[in-house]
Amino acid sequence: GLVPMGLVLVEDPETGEAVWLDTDSPRVRKAFSDAARREEIERHEFFRRNKIDYISVDASRPYLDPLVRFFRLRQRRVRRH
């Protein structure tokens with residue numbers, strides 16, 4: 001989620017538009033979290049619909065084991081087909 005750090009200047013990478021974001025506001029943090037969650041759901045649905053393998057990892061935690069499991073399961077599935 002969005003960490004409360006006061007006012008932060010953020011820039012839209014596509015348009016270059018910059019706006020001040022009040023990260024101390026619970027409403028702003030919730031809106032940011034909701035938007036990120038919707039984006040994750042849409043991405044997952046896109047991958048599923050197009051039969052693209054997908055894994056989500058949290059880079060702030062150890063991720064080697066989840067990646068190894070993912071590729072092992074994928075390898076088994078590919079061998080069956």
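Just so you know, these numbers use all the heavy atoms, side chains as well, and skip hydrogens, waters and symmetry mates. The structure displayed is predicted, hence computed values, not measured ones.
A continuous path of hydrophobic side-chain contacts links V28 to V19 [ILVMFWY only; heavy atoms under 4.5 Å]. Note on I55 and L73: separate hydrophobic clusters, where clusters join Ile, Leu, Val, Met, Phe, Trp and Tyr whose side-chain heavy atoms are under 4.5 Å apart, directly or indirectly. Residues M5 and L21 fall within the same hydrophobic cluster, defined by Ile, Leu, Val, Met, Phe, Trp and Tyr side chains chained together at heavy-atom separations under 4.5 Å.
A salt bridge between R38 and E42 is absent, with no side-chain N of the basic residue lying under 4.0 Å from a carboxylate O of the acidic one.
For E40, the salt bridge (Lys or Arg N to Asp or Glu O under 4.0 Å) partners are R37, not counting sequence neighbours.
Between D22 and R27, every side-chain heavy-atom pair lies at or beyond the 4.5 Å cut-off. Considering only heavy atoms from C-beta on, T23 stays 4.5 Å or farther from V3 through its side chain.
Atom CG of residue N50 and atom CD of residue E45 lie 9.5 Å apart, to the nearest 0.5 angstrom. Atoms CG and CZ, from L64 and R69 in turn, are 10.0 Å apart once rounded to the nearest 0.5 Å. Atom CG of L67 sits about 11.5 Å away from atom CZ of R72, to the nearest 0.5 Å.
Residues F70 and Y54 approach most closely at CE1-O, 3.5 Å, considering heavy atoms.
Within a 6.0 Å radius of CD in E11, more than 12 heavy atoms belonging to other residues, nucleotides or ligands are found.
The side-chain contact (heavy atoms from CB on, under 4.5 Å) test with F47 singles out one residue from R49, R43, H44, and that residue is R43.
Chaining together hydrophobic side chains whose heavy atoms lie under 4.5 Å apart places W20 alongside L7, L9.
Residue pairs meeting the side-chain hydrogen bond (donor to acceptor under 3.5 Å, both in side chains) criterion with at least one partner in residues 58-67, sequence neighbours excluded, are D58-S60.
Within the 3.5 Å criterion, the main-chain N or O of E14 finds a donor-acceptor partner in the side chain of D12. Proximity of a side-chain donor or acceptor of R29 to a complementary backbone N or O of D24 within less than 3.5 Å is detected.
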